[in-house]
Amino acid sequence: MNRNLLATVLFTAVLAAGLQAQTFDARRELEKARKQTLPAAAKSIEENTDAKVQLEIDAKSFGNDATAWGNVHIIANRIVGAFSEVGRDQMGKDAIEHDVKRVVIARLAEPTDDVVELKHQILYVSTSASDKAMTVLQNVIVSALEKALQTGHTATP
């Protein structure tokens, strides 16, 4: 009987240590985004469009939302895809290079439609950062960029 109790206690201690190691840490996610995810996305945008665009994240808006932080990589990929689509020809590349210098990613507090705006050479990408939002984000960004940059392209649905 004592062996079973000892085994249960040891198992519980090991399980608790494992769960503690998997605890979500927003600071680590922010550091990962700033040092890996966003610089890689900026590099891809430059390779595809010849434009240097800085990406940043509004960490405060993401808070401790593990799902949102987990989707930062996908958000960055959707932004790269949108820039690549808009910058598929010289007219789009020129418009991006002239009109977009920075992208700021923010999480919407409420699960509403994503909002993308271009103001003063800053593209604001506000998203609920939910798994569902990730499926349409690239089209939302492309549509907003095309409209703001007036490249004459039409967004593909």
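Note that the numbering runs from 1 along the sequence shown for the chain.
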Report task. Among Ile105, Val103, Asp99, find the residue that satisfies the side-chain contact (heavy atoms from CB on, under 4.5 Å) test when tested with Leu123. Result -> Val103
Query raised in the report: Which atom names give the shortest non-hydrogen contact between Ile57 and Leu38, and what distance separates them?
Result: N-CD1, 3.9 Å
Query raised in the report: So which pairs with a foot in residues 57-76 pass side-chain hydrogen bond (donor to acceptor under 3.5 Å, both in side chains), sequence neighbours left out?
Result: Asn71-Asp131, His73-Asn77
Query - Pairwise distance OG1(Thr127) to CE(Met134) - rounded to 0.5 angstrom - result: 4.0 Å
Query raised in the report: Donor-acceptor pair, Arg102 side chain versus Glu56 backbone, under 3.5 Å?
Result: no
Requested in this report: Please list all pairs passing the side-chain hydrogen bond (donor to acceptor under 3.5 Å, both in side chains) test where one or both residues lie in residues 42-54, with sequence neighbours left out.
Outcome: Asn48-Ser84
Report task. Locate the shortest heavy-atom distance separating Arg107 from Phe62; write the atom from each residue and the value. Result -> N-CE1, 3.6 Å
Requested in this report: Mind checking the NZ-CG spacing from Lys101 to Leu118? Nearest 0.5 Å is all I need.
Outcome: 11.0 Å
**Report entry** Inter- and intrachain pairs under salt bridge (charged side-chain N to carboxylate O under 4.0 Å, His left out), touching residues 109-118, at least two apart
**Finding:** Glu117-Lys119
Report summary line: Ala26 and Gly63 have their tightest heavy-atom pair at CB-O, 3.5 Å
Requested in this report: Take atom NZ of Lys32 as the centre, draw a 6.0 Å sphere, and report whether it contains more than 12 heavy atoms from other residues, nucleotides or ligands.
Outcome: no
**Report entry** Partner of Glu31 under salt bridge (charged side-chain N to carboxylate O under 4.0 Å, His left out), chosen from Lys35, Arg27, Arg34
**Finding:** Lys35
Report task. Write down the atom of Glu97, the atom of Ala51, and the distance for their closest heavy-atom approach. Result -> CA-CB, 3.8 Å
Requested in this report: Kindly compute the distance separating CD (Gln121) from CD1 (Ile96), expressed to the nearest 0.5 Å.
Outcome: 13.0 Å
Requested in this report: Evaluate the side-chain proximity of Ile75 to Thr37: yes if any heavy-atom separation is below 4.5 Å, no if none is.
Outcome: no
Query raised in the report: Looking at Val140, Ile79, Leu145, which hits side-chain contact (heavy atoms from CB on, under 4.5 Å) with Val116?
Result: Val140
Query raised in the report: Which pair of heavy atoms, one from Ile141 and one from Ala82, lies closest together, and at what distance?
Result: CG2-CB, 3.4 Å
Query - Verify same cluster id: Val86, Val115 (apolar side-chain graph, 4.5 Å) - result: no
Query raised in the report: Do Ile45 and Leu55 come within less than 4.5 Å of each other through their side chains, counting heavy atoms only?
Result: yes
Query raised in the report: What is the minimum heavy-atom distance between Ala33 and Val72, and which atoms define it?
Result: CB-CG1, 4.0 Å
Query raised in the report: Under 4.5 Å between any side-chain heavy atoms of Leu137 and Ile74, yes or no?
Result: no
